[in-house]
Undergrad: 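Here it is, the structure, as structure tokens.
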2 protein chains.
Amino acid sequence: MIDQGYAALTARKVAERVGLKHQLVYYYFHSMDELLLTAFRRRTGQVMARVEQAIGSPRPLQALWDAHSDPVQAALTVEYMALANHNEAIRAETVEFGERLRRTGLTEVAQRLGETAPKADALNPFAITMAIQSISGILGMEAALGISGGHAEMRALVQWCLDQLQPSPGDQSGQRDI
Amino acid sequence: MIDQGYAALTARKVAERVGLKHQLVYYYFHSMDELLLTAFRRRTGQVMARVEQAIGSPRPLQALWDAHSDPVQAALTVEYMALANHNEAIRAETVEFGERLRRTGLTEVAQRLGETAPKADALNPFAITMAIQSISGILGMEAALGISGGHAEMRALVQWCLDQLQPSPGDQSGQRDI
DNA sequence: GTCTATATAATGATAGAC
DNA sequence: GTCTATCATTATATAGAC
């Protein structure tokens, strides 16, 4: 799926990779759609576990940012999003997972923001979380393709913002400058 | 392509939509790959025109933000990005287009930032442009699927930032608070 | 330009032997 | 569980009549 796309994920190719005949796919799964849904669920579980681990770290926002930087994961996400636009079962699960993912660790982030960030209505934890996920996501998707323009500058800006919101232990510079 | 995905864009379906036989596709195009590339180029041209128009408006950043908010366009972008991950010709054109798009109006944005924004190294025009494109892009992709959590909060945060960077004519509040 | 006809290959899925 | 055999469908693409 990563290197050939969801359209190339056929029963024959799946079976070939595990050294079996293609008809066996229909022994283990009722249909290709069911196989696809099973694979999708396994992945959302893995992503959720990684995000929960990030939230539990000393610097949740920084960890959340790092967790989404992988280009390979981003390419897979693009594939599943394209799939979700035309497969109703995948779409429904994507919505459910997306909403859940964004609410994960919201209270923890809100608590941290209350401690260190300036009081501004616009600095909503929901918005901060989404900004981090959005920017790191696009960064990964573009990196997977080979686009790099503005990436270093973007990382610098995000790092600056993260340092403002959650100063690292050894860094006291700039806080409250925002 | 929008409602069935790139994999469902077959010669038969294309011909059917214009009321002709599927073999005629190979009269107008050498192959399906060529048709796909032609469609992609037509679209990048349209997107580029819209962005250039936004850059030329009185509030470039605001206009850039507005120009990327369409969920239908975002869904199409996802489709082409997935395609680019497995089609070398589309990938090469995507990289070229992406790099060009991000540099479009960079000097104009830099000039505006120099006039109104606080002097901070992190507020690089390249980064600002990418942040706007990233967040509005994800917002659109998610909206196309039906995800809405955090969107209102995200829009509020971006609007707050945009107002800081480029105050609208009738709004003097908050500037320099950043 | 548009058509019919056709070659070739791949797909999802089922039936039944072992 | 894994296999062989098979079906109906669809795909890209070409050749040639009109």
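Residue numbers begin at 1 in each chain, while the letters A, B, ... track the order of the sequences.
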Undergrad: Judged by atom type as modelled, is there a donor-acceptor pair below 3.5 Å linking the side chain of A:His68 to the main-chain atoms of A:Ser136?
TA: no
Undergrad: Can you check the A:Lys21 NZ to C:dA13 C1' distance for me, whole Å?
TA: 17 Å
Undergrad: Over how many whole Å does the gap from A:Leu24 atom CG to C:dA15 atom P extend?
TA: 16 Å
Undergrad: Could you state the atom-to-atom distance from OH of A:Tyr6 to C1' of C:dG12 in whole Å?
TA: 17 Å
Undergrad: Counting only non-hydrogen atoms, which of residues 78-90 of chain A are less than 4.0 Å from DNA chain C?
TA: none
Undergrad: Around atom CD of B:Gln53, are there more than 12 heavy atoms of other residues, nucleotides or ligands at under 6.0 Å?
TA: no
Undergrad: Tabulate below the donor-acceptor pairs under 3.5 Å that side-chain atoms of residues 15-23 of chain A make, not counting sequence neighbours, or state none.
TA:
| residue | atom | partner | partner atom | Å |
| --- | --- | --- | --- | --- |
| A:His22 | NE2 | A:Arg12 | NH2 | 3.4 |

Undergrad: Name every residue in residues 28-40 of chain B that has at least one heavy atom under 4.0 Å from any atom of DNA chain C, in order of residue number, or write none if there are no such residues.
TA: B:Tyr28
Undergrad: So where does chain B start and stop touching DNA chain D, 5' to 3', when the test is distance under 4.0 Å to a non-hydrogen atom?
TA: D:dA11 to D:dT14
Undergrad: Is any side-chain N of the basic residue among B:Arg50 and B:Asp66 closer than 4.0 Å to the acidic one's carboxylate O?
TA: no
Undergrad: Taking ring-ring contact (aromatic ring centres under 6.0 Å, His included) as the test, write out the residues that go with B:Phe97, two or more places apart.
TA: none
Undergrad: Look at the side chain of B:Arg91 and the backbone N and O of A:Leu145, then say whether any donor-acceptor pair between them is shorter than 3.5 Å.
TA: yes
Undergrad: Are the side chain of A:Glu142 and the backbone of A:Ser148 linked by a donor-acceptor contact shorter than 3.5 Å?
TA: no
Undergrad: First locate atom CG of B:Leu139, then atom CE of A:Met130, and finally report the distance between them rounded to the nearest 0.5 Å.
TA: 4.0 Å
Undergrad: Using atom types as modelled and distance alone, determine if a side-chain donor or acceptor of B:Thr104 lies under 3.5 Å from a backbone N or O of B:Arg100.
TA: yes
Undergrad: Please check this pair: side chain of A:Arg102 against backbone of A:Phe126, looking for a donor-acceptor N/O pair closer than 3.5 Å.
TA: no
Undergrad: Return the residues of residues 8-15 of chain B meeting this criterion: a heavy atom under 4.0 Å from some atom of DNA chain C. Order them by number, or give none.
TA: none
Undergrad: Looking at B:Leu165, is its backbone amide N or carbonyl O close enough to the side chain of B:Thr116 to form a donor-acceptor pair, meaning the two atoms are under 3.5 Å apart?
TA: yes
Undergrad: Counting only N and O atoms by type, is there a donor-acceptor contact under 3.5 Å from the side chain of A:Glu34 to the main-chain atoms of A:Phe29?
TA: no
